[in-house]
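Worksheet for the structure shown next.
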Amino acid sequence: MYEFFKTLDRRWIFLLMALAVATPILLELQFPEEATGLAQAVFDEIDKLEEGDPVLLAFDFDPASEGELGPMATAFTRHCCEKKLKMYFMALWPVGPQMVDDAINKVIRADFPTLIYGQDYVNLGFKSGNEGVIKVIVTDLRGLYTTDDRGTNINEIPMMKGINSVQDFKLVINVSAGYAGTKEWVQYAATPYPEKIRLVAGCTGVQAPLLYPYIPEQLPGLLGAIKGAAEYEKLVIEKYGGTDPDPKYLEGIRRMGPQLIAHLLMIALIIAGNIIFFIEKSRERR
Amino acid sequence: MKRTVPLLITAIGGFVLIVAYFIPATESWGEVAAIWFDVLASVAFILGGGNLLRVHLQKASDRKPGWGYSVITLLAFILMLFVGLTKWGAPPAVNQEFYGETFAELAPASLPDGLVATVEGRLPQRQDHRWLPASVRVQFSHDPLAGTISFRGWMRPNQRNDLLSYKETLEWRCAVERLYTKSRESSLGGRASYYADHRSLSFRGRMSAEDRDALLKISGDSQWTATVNSIYERSQRVTSVDIPGLPPTLRLPDDLAGAANLDSQRGRLEITGPMTAAQREALGRNWQMFPLARPLDSAHRAALLDELRGLGPITAEQETAFHKTLDGSWTASLLRTTLEEAGKGQEQDKTNCEMFAELQAGITDIKLKKPPGPDVPLTEAHVGIINRFTEGEFEDLVAFVAAMKGAGDFTSRQEDAFWTFVEKNPTVGERDREIAVRLLREGPLNAAQRDRLLSEMRAQVAWRKGVGELFVAAHDVKYPWSGEYRAQGTPFWWLYEYAFKPLTATMFAMLAFYVASAAFRAFRAKNLEATLLLGTAFIILLGRTFAGVWLTAWLPDAVSGLRIEKLTVLIMQVFNTAGSRAIMIGIALGIASTSLKVLLGVDRSYLGSAEE
Amino acid sequence: MKRETKIWIVVLALAGVWLIYRAVTVGMGSDYVSITDGRAAPASAWDALTGQGQWSLSRTIGVWVAAFFTLSIFSFLYKDNPFYKLAESVVVGVSAAYWMVVGFWTVLVPNLIAKLYPPAIQTWAMPGLSREHEEFWFTYLIPLVLAIMLLWRLSPRGAWIARWPLAFIIGTTAGIRLVGFIHADFLSQIRNSVLSLVEYDQIDGFDFWKSFNNALLIIGVLCCLVYFFFSFEHKGLVGKTARLGIGFLMITFGAAFGYTVMGRIALLAIRLEFLFNDWLWLIDPTGKRIAENVSAIMPALGG
Amino acid sequence: MKRKELLAACMGLIALGSATAALEAMALQDAATGQVADPPRPASSLTAEDHPLDGGNQIDLRWNLSPDDSYVSAKARKEGAVKAVPHYVVQKSGKGATGPFEDVSRIAPDIWDYQRGSMKLTIEVERGEPYWFRVAAAGPGTSKSEFIQTTEATVAQREWFDGGRGWLALITVVLCGSVVTYIAAARRGMDLKVRKIAGLEAVDEAVGRATEMGRSVLFIPGIQDMNDIQTVAGITILARVARTAAEYDAKVEVPTSRSLVMTTARETVQAAFLAAGRPDAYNEDNIYYVTDEQFGYVAYLSGMMVREKPAACFYMGSFFAESLILAETGNSIGAIQVAGTAQPAQLPFFVAACDYTLIGEEFFAASAYLSGEPEQLGSLKGQDVGKLIVAAGLLIGCCFATLASIVFMTSGNEANVFAAWARFLTDTILQ
């Protein structure tokens with residue numbers, strides 16, 4: 001036994017890894033999620049808002065990172081719909097508007113058909129200029145956004161009344177896959193206007209470490225990668241999900257399946273490796 | 001020579017850039033150098049690729065072991081290179097094709113003098129001596145003595161904007177505006193235009209005999225006449241496409257009959273001259289052929305549902321889905337608010353000339369916009385009409401607009417708003433398709449049910465496709481090479497999508513396995529350092545599973561700092577930040593001194609030997 | 001023939017049979033396309049319902065090819081084998097050519113030729129380009145000359161001339177990076193580390209935890225810096241501090257490792273989802289396919 | 001030695017600082033809240049002048065705050081105090097003194113502005129064009145005070161030096177200077193002690209081992225092109241490796257992922273073989289281009305490693321995700337692996353899977369060590385000076401910051417002299 005492990009052919013490990021990832025995908029396994037503080041914080045920030053509060057949802061990602069961030073976008077939209085918040089979508093990435101439309105079709109059109117475009121939600125679309133855009137709209141939104149994504153004049157959109165800058169939103173929700181994204185929102189929106197602008201975000205695993213320094217002052221809550229998405233989904237489902245939630249609201253949790261098993265495998269491997277190592281040492285001593 | 005010159009080049013190149021970094025005028029040199037580097041790197045591909053070819057050809061020719069794979073590499077390489085460089089099968093770029101316009105070669109010089117518009121005005125001086133915008137350089141001219149500026153040909157909006165942005169003063173901008181209007185007088189409502197960069201005279205849509213004569217009147221110059229005539233002849237070409245699967249009852253709406261004509265018996269659509277994008281839209285999706293879906297009240301819904309039931313079973317889930325779908329449709333109130341909003345008075349931009357006039361009138365605080373006009377609220381009568389419209393009256397939408405106008409003030413902006421509203425909301429076919437999709441997601445539908453729900457949409461799609469085909473067929477390609485080299489559907493794209501991407505992505509995915517084996521092998525508590533390494537990794541990994549959270553969730557708030565997620569944050573926030581900062585500072589120093597050594601020639605190993 | 005090889009042949013044969021069976025019965029691995037105005041776009045079975053999209057042979061073949069390549073690469077984990085070798089040789093050839101094509105269309109054409117002689121490019125590949133020269137366009141003669149020098153390597157004599165462009169590249173690189181890194185990394189990292197050891201603000205008052213973290217952070221940075229010192233041997237006090245520094249570094253690495261794992265596994269998951277979802281049609285998490293009776297919407301496969 | 005001086009310096013500063021803090025007058029007091037002028041009285045004495053030492057695209061505006069505008073601390077705001085002037089509206093016109101004007105910025109003063117009673121704003125404009133400016137104090141809601149306006153046009157001029165980078169220039173000169181001086185000193189034969197770096201000895205050892213086993217040495221110069229200093233550093237190390245290999249008569253194989261790197265590497269290796277006196281042994285075909293594509297390159301490498309089983313693998317340059325694939329494959333064929341890179345994200349994988357890893361700065365130092373030329377060691381000393389500067393800067397900065405918050409805590413004066421110094425250090429010197 002020990003001998004086998006000591007000279008373990010690494011192909012066994014490969015096999016284990018393959019199984020660990022493949023089985024959950026094939027069986028579409030789902031596991032309980034425990035929401036960590038950061039996800040809880042995100043949830044609370046949104047959940048404490050009043051009905052009809054304006055919320056800015058900035059979707060700064062592209063299909064490449066859809067796998068990680070799509071679930072967050074869906075969950076955020078769902079949560080806002082449930083809270084009956086006014087949703088203002090925008091994007092700093094050229095393909096962002098598509099992501100926005102996906103979310104709208106997936107959630108609002110499908111499950112909240114009573115919400116009306118222009119009254120309950122609006123898609124402001126893409127503006128080029130990365131952080132430049134943020135710098136402007138924190139003080140003067142209409143300066144840049146004269147029309148919405150469909151080309152309708154901003155002034156003709158009922159829900160745009162009283163919205164002149166980002167500071168008029170009760171909360172900014174950012175989903176980002178890199179530059180320009182959460183970091184820029186923190187630097188140019190949350191930092192200069194600490195009382196005015198609240199910001200929560202969901203981002204890719206690669207970005208998450210870079211954002212930790214901003215927690216919790218500038219960034220009360222953060223969803224890191226698919227794990228964060230899963231936790232947040234769990235919170236939303238718990239409160240609004242009902243008995244059998246639509247699978248599209250469990251994307252994150254579903255994708256978390258392979259992650260989880262694989263992580264447990266990694267942990268097991270590390271432990272195993274060390275046990276072997278210590279046995280080895282003790283044998284040498286003898 | 002062979003060694004000292006390169007050393008000099010290195011040193012000079014480097015130090016020049018360092019100094020340039022601190023001089024405002026030259027701060028951009030760094031970027032320029034970067035572009036030059038890219039150029040050199042792509043030229044170097046010839047060396048790399050040549051070497052690759054040589055190596056594999058050699059391997060193949062002297063039958064070294066595994067030479068077969070070399071052959072495959074060669075084939076893959078040459079194939080990809082060929083289809084990529086030739087843009088094989090790539091359609092021309094949409095925005096560069098000027099769909100619906102007919103071009104004819106004509107040099108700017110040979111634009112007749114009849115097309116030179118002149119107004120009073122002076123070309124202002126710029127301190128930074130910026131050149132005139134490239135778009136107008138050949139057509140714009142000015143005469144400082146006479147104090148006039150003139151433009152040869154019809155000025156296009158983008159050219160006007162370029163000229164406007166050249167200087168901010170109202171005097172100049174007003175002059176440009178006047179020049180713009182003046183130059184476009186003879187442009188037949190903007191249908192005729194001249195593209196200097198394309199060296200072409202252009203006409204949008206079909207040129208009628210009157211249009212031709214109007215243009216010919218401008219000048220008798222033979223070349224001009226020839227050009228105009230060539231356009232005229234080419235814009236008389238008749239194109240037609242066959243559209244299978246069209247219901248023979250379809251009729252082209254009268255207001256579109258001019259654009260094209262449809263023989264619905266033979267299912268053939270025909271057009272004379274090119275089809276403009278506007279015509280394409282108007283034809284492809286018009287309310288006469290494919291009516292707007294009105295909201296269904298419960299009665300209508302029940303009827304539709306029974307009809308479907310009559311054709312086959314409908315489950316309970318499907319029924320709820322059915323209603324959910326229909327709830328999504330627009331409502332009378334939405335239409336009303338849309339029209340009301342459109343009725344609101346808008347403040348409009350002033351023209352530069354208006355502002356210039358104010359300036360000369362000595363007004364001290366000039367505003368950019370005019371005060372908004374009065375609001376035009378909807379009357380009771382209007383609301384009534386809207387409600388009847390919602391319930392399904394007014395098959396003919398024009399009649400609706402007329403009724404609205406009849407019932408009180410109804411501005412053109414409101415009318416436009418209405419038409420966009422019609423465009424944005426689904427037709428009957430689209431609505432039924434949506435229903436079909438939703439029902440199918442809930443459960444099965446039999447062929448009959450599908451046909452009931454989809455036939456309308458099928459016709460609509462077939463028609464739109466047909467129009468699209470005609471749109472393309474009626475157009476003669478101007479720049480076959482302008483296409484995107486990796487446009488979808490091209491062989492290059494196929495190789496990228498189905499060979500390049502999966503291969504590289506899978507290679508990337510292999511990391512998952514290697515990470516595992518590395519963790520097993522290398523993360524052993526050999527010494528303090530190793531223990532720290534694996535300890536941290538362990539905590540982070542654990543923190544990413546519910547197990548970890550759950551392990552520490554019981555900790556009281558007093559020591560909540562030890563909860564795994566807090567621990568993670570602490571590690572990332574403090575330790576990770578500290579470590580990576582030190583590393584980055586060190587790296588910066590290392591890079592600085594290495595660069596310096598290179599520049600000073602202390603380290604010249606990259607330069608090769610003195611001999612050849 | 002080795003026993004192992006025999007076994008493999010049998011296994012592969014069985015797999016093949018099963019695949020063909022599923023392909024014929026369910027139409028596994030097929031894909032759709034929609035064409036508007038002569039431009040292709042991806043489509044799904046749902047679009048095929050209304051004729052918006054139709055079954056596409058090339059894309060279906062594509063899916064199968066992609067699946068084959070995916071498996072071939074994975075097979076390397078077991079051991080080196082002809083399939084991997086095949087995949088390897090294809091990826092090398094294709095990718096090399098890919099980057100050359102990209103280089104040609106995105107660099108050489110717009111950034112060299114178009115600068116030196118715009119009309120040529122305007123009438124050919126970039127109609128949107130202006131025919132007029134930019135200001136200072138002539139500076140682009142320099143890269144042209146350097147490029148020619150670089151290609152001189154191919155000539156039998158005077159290959160050493162190629163060192164001039166190399167020297168230029170390395171010199172400019174050194175120059176740009178030198179200031180660039182001092183500006184971006186060196187200074188900014190110091191700036192971010194200038195923290196107060198006493199975190200205080202009027203609303204929440206003195207914050208011990210944050211102050212402590214700041215102290216820890218600064219100590220960490222300093223210790224790591226000491227580790228990087230070259231002038232002193234790691235002995236005595238310096239040695240101890242350096243040791244502490246290494247500790248910090250190791251924690252940093254551990255954290256980075258742990259964090260990266262997540263992304264890597266996601267990558268694998270995506271590949272497997274491609275196999276199971278797009279190719280084998282074993283799962284359908286995104287509802288891309290119409291659940292019942294696939295053949296009805298797929299005439300091409302005799303439905 | 002140096003450290004002591006530093007400490008002494010710090011103590012001195014602290015003493016001086018606390019003294020001045022004592023001298024310094026009262027802190028900014030919260031405005032009496034409640035009464036809010038609507039609209040507020042306008043700001044005063046607006047001046048616009050060309051921003052000194054810039055590219056000629058900036059103009060500085062200065063104006064005195066509206067008399068109604070007064071400091072409201074975060075605390076007071078939390079308790080519900082309202083600012084009489086939420087922000088100032090700044091407008092510019094390029095058309096004339098009479099406008100039309102367009103908004104360019106809405107800006108709220110910070111505590112320092114309140115202390116000065118005036119504020120400054122830098123605005124981007126076009127060089128050489130005349131501009132007119134005006135400022136109004138915004139009141140609560142939409143109300144706005146009268147505008148105050150600059151009478152004559154301001155034009156931005158371009159200067160010969162970028163003042164914003166003055167300190168950067170100074171620091172660059174100091175850093176480079178110290179490197180140069182030490183190199184010069186080394187040239188003059190002053191002997192420099194530098195510590196050993198584990199892993200550098202390993203280079204020769206690895207090559208030697210390869211020779212014994214009759215296997216090849218694999219050198220991978222990263223996947224970046226020659227415009228990355230890491231690649232340059234990698235190439236200089238290659239020079240050394242190749243030379244040793246030539247002496248041992250071992251085969252060095254260098255597959256590159258960039259054509260330029262291939263070209264450079266060939267020059268380098270050829271020179272190394274020549275220097276080792278074995279020009280005949282140099283074979284150009286061992287240095288070849290594979291593909292620019294990261295993972296295509298890796299696919300080739302891992303296949304090649306498994307088949308040819310090199311005895312020693314060097315990974316010296318800029319690496320990304322492929323680092324672990326390479327290191328693991330190399331490990332599975334039992335090769336000695338020495339890695340060096342300045343990609344912080346990849347170091348963990350090399351550290352975990354390789355025998356020796358040159359971490360960040362060590363990687364750049366390596367070429368100096370390996371060259372064996374004393375003057376190159378000088379550059380290392382120079383780098384150490386750089387690190388001392390960092391340490392000093394950090395300590396001083398933190399002292400200021402700490403004292404600042406202590407004074408704030410005790411006297412309630414947020415904008416105290418230490419804060420000012422800390423601000424100067426971070427925002428002006430280290431900007």
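Since this is a predicted model, take the numbers as computed values, not measurements. In what follows, chains carry the letters A, B, and so on, assigned in the order in which the sequence lines appear, proteins first and then strands, with residues in each chain numbered from 1.
- Every side-chain hydrogen bond (donor to acceptor under 3.5 Å, both in side chains) that C:Ser56 has, sequence neighbours left out, goes to C:Ser58.
- Rounding to the nearest 0.5 angstrom, the gap separating the CZ atom in C:Phe276 from the CG atom in A:Leu26 is 4.0 Å.
- Expressed to the nearest 0.5 Å, how far CZ of A:Phe14 lies from CZ of C:Phe76 amounts to 9.0 Å.
- Interface remark: of the candidates A:Gly224, A:Ala22, A:Pro258, A:Ala20, A:Ala22 forms the most heavy-atom pairs closer than 4.5 Å to chain C.
- Heavy-atom neighbours of C:Phe83 CZ from other residues, nucleotides or ligands within 6.0 Å: at or below the threshold of 12.
- Atom CZ of C:Phe206 has more than 12 neighbouring heavy atoms from other residues, nucleotides or ligands inside a 6.0 Å radius.
- Here A:Ala73 pairs with A:Phe59, A:Phe61 under the side-chain contact (heavy atoms from CB on, under 4.5 Å) rule; sequence neighbours left out.
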Can you check whether chain A and chain C share any donor-acceptor pairs under 3.5 Å, and give the atom names and distances if they do?
from: C:Tyr78; atom 1: O; to: A:Arg11; atom 2: NH1; distance (Å): 2.7
from: C:Tyr259; atom 1: OH; to: A:Tyr212; atom 2: OH; distance (Å): 2.7
from: C:Met262; atom 1: O; to: A:Gln259; atom 2: NE2; distance (Å): 3.4
from: C:Glu273; atom 1: OE2; to: A:Arg254; atom 2: NH1; distance (Å): 3.4

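- Of the two parts of C:Leu282, only the side chain, counted from C-beta on, holds a non-hydrogen atom closer than 4.5 Å to a non-hydrogen atom of chain A.
- Residues passing the side-chain contact (heavy atoms from CB on, under 4.5 Å) test with C:Ile246, sequence neighbours excluded: B:Glu529, C:Tyr227, C:Met250.
- Of the inter-residue distances, the one linking C:Ile265 atom CD1 with A:Leu265 atom CG reads 8.0 Å to the nearest 0.5 angstrom.
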